[in-house]
Amino acid sequence: MGQPALGEFLKLKAIKKGAEALVDNSGMSGLEASNHLHRPNPKDMYFSKQKGSLIFELKRIEPLGQLHIWNYNAPRKLSSGMKEITVSYSLDGKKFRKFGDFDLAIAPNYENELYGGIAATNLNDGHRTPIDFQGIPAKFIKITPRSNHGGEGYGLSEIRLFRHKIRPNVGESIPVEAFCPKDLDSMAVRAVTGIGLSGRTSRRATTGTDPETMWHTNCSAADASIIVNFDGTYPIREMAIWNYNDPNALDDGVQELDIYYTVKSPCEIINKEEEVQDGDDKKLVVVGQEFDFVKGQWEKLGTFKIPKGTGAEKMPLSTIIPFGDIHAQHIRLQPVKNYGGRGFGLSEVRFFSGKGWAVEPARNWTGLLSTSGDFRYCGTAATREGGWIGADGIFSYNLDGPQVQGTNNKDSNNIFIFQDTVVGKFNNYKGWTPKYGFTASHNGWVNGSYLYLKGNEPDPRKARFVLQGANSEQNPYGNITDEHYWLCDYTKVGNALYIVGIRYFGWDSPEGPNGHDLVRIPLGADGYPDLDKVPELVVKDVPNYIRNKDTTLHFEAILENTEESGMPSPDGYIYIYGRQGSGRKLIISRVRKSDYADHSQYEYWNGSEWVQGDPLAANTPEAIIGDYAVGNEGSISPIRGGMFDGKFLNVYTAGSIDGQVAFTSSDSMTGPFTDPTHIYWAVERYKIPLDYYEGEPLYQWNYNAKAHHNLSKEGELLISYHMGLQHAGNLTVALEYHHPWFITMFEIK
């Protein structure tokens, strides 16, 4: 059986009055993850003097996954938190089936005092941790208290439910979700939940005859497509199909089926524009997006014939379709014709994993950066009430030295450095929608911030955002430097961080975003940047960043090949990777760590030898070590363990801002890097009509993917990308989403 994983957040509706506080995000430090904290304000909790059951409803039947519970954490009434509970589930809200009995730990008040809130309390209860429904299809869940911790009532603070997800082994079923873009009411999700099958994972399962457990649409063949989303990218070995088995409409079963797959965009994104007044002028702005799934970047697997359903009470699968371990993030099932009926239907489709690399969302790493701005770990800023709620860019580093996979541990001291940072707070997430935020005119933005993290897990209790320099008289543009910089990759030399910053004058400035400086940031006694000292400008206009009408060279992605970094064959050099020209081709330079601030000692690869002190040596076709367009930011990662063991991967955003996370590989850190491979399409808001953002006119863009090998487990690679999400018409940036998001690349064995 594959490893359990955290699936997509599922929005619940509380049936019982007063229980809305358990599912409206009130009191939470962030959204859509399981690692957030809940503040100790009783107004954000549920409390009753009675033992009555709590019932919650989903918008549709879903394969249920993990249930996380935050027990009642009102400081003076902790004993009123529930202790023994029974959890049940139902398809119709009437007939409930018991799932199990569970114990909940009492909320730890020391966490209230230390962190301003508690973590989920069912994670250390000695039972299944967390409660995991393991794919049972249902639309309702029920929590019934049987006892408390000795108090006068029964309370909880929050619950969060996630869709079923596992990391499959080879040959195992992959949990998926599905929808029909032209007919949302057709409930295509019924075809992938296993609701009508005798088993949830097996090829040997049989389907029944109840049409309420099947997918059916009266659309034309052209509009009857099903889009399958794997919630990640996986090697697909085969697909099992159970055709439509309603005895009264067997002719509606699919007879011929076109199957398409992609790791790129499954839809053509069409921006909707409107003319708005901008001062004395008018301009076109994007006010929303439409998604055409027929015009996505699909590759056709083939056309397949599906045997007709039999109408038997226990009908076995209709056919198996081999995929040959191809990688897919989305699959499109396009009916060609039926057996003469008036509509199209399928009972169930099921996908089984092959062998190879896979990618899945790292939701709690993303959750670490989803912050309300008003918890202690979010930091504070002197001129406005609130803390860190979003930022552009991200670079991470283990301040203890080791940077390669598997070397980070519970005692590691990690730092993240961000670029433009949004300071403020959402006050409370109650009734939250993406309409919260500042206007796109950079209100509330400061120039840079830090995140300190103790250990190798994304735990807010071990995290601290630092913004305190944002309003220093010596640092009018932010706490990093006294210039307005976009910050690049960095390294630690001695007792200081050395960071290259791009001087930013504003897009409307005649100078534009231009010029690169090297800045030294001293570290304090605690090993983190000493914010009482003004950062030192070490080199003005560093020579390995050249931008003029004839030449563009940007060296910024760092790989330390030193003994302290944990590399297997250290030579004492820091290798700096960059891009050349408008084609953004990959090039390389190097310098000994001891000489990092002395650019006369830098060496540049010209295709046949290292040339010292002359960056223009890398400005030739022969100097290119990767003949593809790298993104504005990226990374080079040494891989330990797994199918890429011993190789080096360049992770980047293909096209820089088109939402396609990609990688190339090399046997050597000096290249050549070859075979660009798309691994993840990062645009997820096409699912808006299906979730709780329904009706929100949003549009999204993604950029600057990179790997964080210093935070990765052995054989895995943690990757971030940046999301921009904006509202229509009023140009409001949805700042809750304006932060880096994470995925993990790993091997299925």
Side-chain angles (χ1 to χ4, degrees), residues 21-47 68-81 104-124 149 155-160 364-391 414 416 418 421-432 436 444 449-455 457-468 470 526 528 531 735-736 739:
L22 292 178
V23 292
D24 66 0
N25 297 303
S26 58
M28 298 298 288
S29 67
L31 293 176
E32 301 183 4
S34 66
N35 58 340
H36 291 124
L37 308 181
H38 189 281
R39 74 177 74 189
N41 190 336
K43 293 181 180 180
D44 300 322
M45 307 174 195
Y46 165 80
F47 175 83
H68 294 253
I69 300 175
W70 286 254
N71 213 341
Y72 194 67
N73 67 313
R76 297 181 181 180
K77 292 186 176 181
L78 298 178
S79 60
S80 292
L104 297 180
I106 191 170
N109 197 49
Y110 75 90
E111 289 194 359
N112 282 334
E113 296 173 351
L114 278 176
Y115 313 119
I118 65 166
T121 48
N122 70 319
L123 299 185
N124 300 294
H149 285 274
L156 291 176
S157 291
E158 189 81 9
I159 68 170
R160 281 185 175 173
N364 279 346
W365 280 104
T366 299
L368 184 65
L369 303 186
S370 169
T371 73
S372 64
D374 57 352
F375 274 68
R376 293 175 191 169
Y377 75 91
C378 301
T380 58
T383 61
R384 70 170 63 240
E385 185 181 3
W388 195 99
I389 57 176
N414 301 291
F416 301 75
F418 302 94
T421 299
V422 188
V423 177
K425 69 175 184 176
F426 293 118
N427 297 311
N428 201 329
Y429 282 121
K430 183 177 181 179
W432 183 88
Y436 281 85
S449 57
Y450 300 107
L451 168 62
Y452 303 160
L453 179 67
K454 186 77 170 181
E457 297 294 337
D459 187 345
R461 294 170 297 181
K462 303 294 181 65
R464 178 163 59 102
F465 288 92
V466 180
L467 304 163
Q468 65 188 62
D526 62 356
Y528 291 105
L531 297 178
L735 291 178
E736 166 55 36
H739 57 71

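This structure is a prediction, so every number in the text was calculated from the model and none was measured.
Between V466 and L451, the closest side-chain pair of non-hydrogen atoms is not below 4.5 Å. Side-chain contact check for L37 versus W70: every heavy-atom pair is 4.5 Å or farther apart. Residues P460 and N35 meet the side-chain proximity criterion, which asks for heavy atoms closer than 4.5 Å. Counting only heavy atoms from C-beta outward, the side chains of S449 and F416 never approach each other to under 4.5 Å. Counting heavy atoms from C-beta outward, L369 and F465 have side chains that approach closer than 4.5 Å. Residues T121 and P108 are in side-chain contact: their nearest non-hydrogen atoms beyond the backbone lie under 4.5 Å apart.
The two atoms that bring N414 and Y528 nearest to each other are O-CE2, 3.6 Å, heavy atoms only. The two residues G390 and H739 come nearest to each other via the heavy atoms CA-CB, 4.4 Å. The minimum heavy-atom distance between G116 and P40, with the atom names listed, is O-CD, 3.3 Å. The two residues G373 and I389 make their nearest non-hydrogen contact at CA-CG2, 3.4 Å. Minimum interatomic distance between A21 and S26 (heavy atoms only, all atoms of both residues): O-OG, 3.4 Å.
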R461/E111 under salt bridge (Lys or Arg N to Asp or Glu O under 4.0 Å): CA gap, chis, key distance, verdict:
CA-CA 8 Å; R461 294 170 297 181; E111 289 194 359; 2.6 Å; yes
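No hydrogens or angles considered: a donor-acceptor pair under 3.5 Å links the side chains of S29 and Y377. Between the side chains of N364 and S34, at least one donor-acceptor pair of N or O atoms lies under 3.5 Å. N25 and R160 share a side-chain donor-acceptor pair at under 3.5 Å.
Without hydrogens or angle criteria, H36 side chain to G367 main chain gives a donor-acceptor distance under 3.5 Å. A donor-acceptor contact shorter than 3.5 Å links the side chain of S157 to the backbone of N71. Of the possible polar contacts, none joining the T371 side chain to the C378 backbone as a donor-acceptor pair under 3.5 Å is found. The backbone N or O of A107 sits nowhere less than 3.5 Å from a side-chain atom of H149 that would complete a donor-acceptor pair. For the pair N73 (side chain) and H38 (backbone), a donor-acceptor distance under 3.5 Å is present.
For the atom pair CE (M28) and CG (D44), the distance works out to 10.5 Å, reported to the nearest 0.5 Å. Remark: Y72 OH to E158 CD distance equals 14.0 Å, nearest 0.5 Å. Going from atom OH of Y115 over to atom CZ of R464 covers 13.0 Å, rounded to the nearest 0.5 Å. Annotation: the span from N109 atom CG to I118 atom CD1 amounts to 9.5 Å, rounded to 0.5 Å. Rounded to the nearest 0.5 Å, atoms CD (E113) and CZ (R376) are 8.5 Å apart. Atom-to-atom distance recorded for L156:CG and S80:OG is 11.0 Å, nearest 0.5 angstrom.
Open room surrounds NZ on K462; 12 or fewer heavy atoms of other groups in view lie less than 6.0 Å from it.
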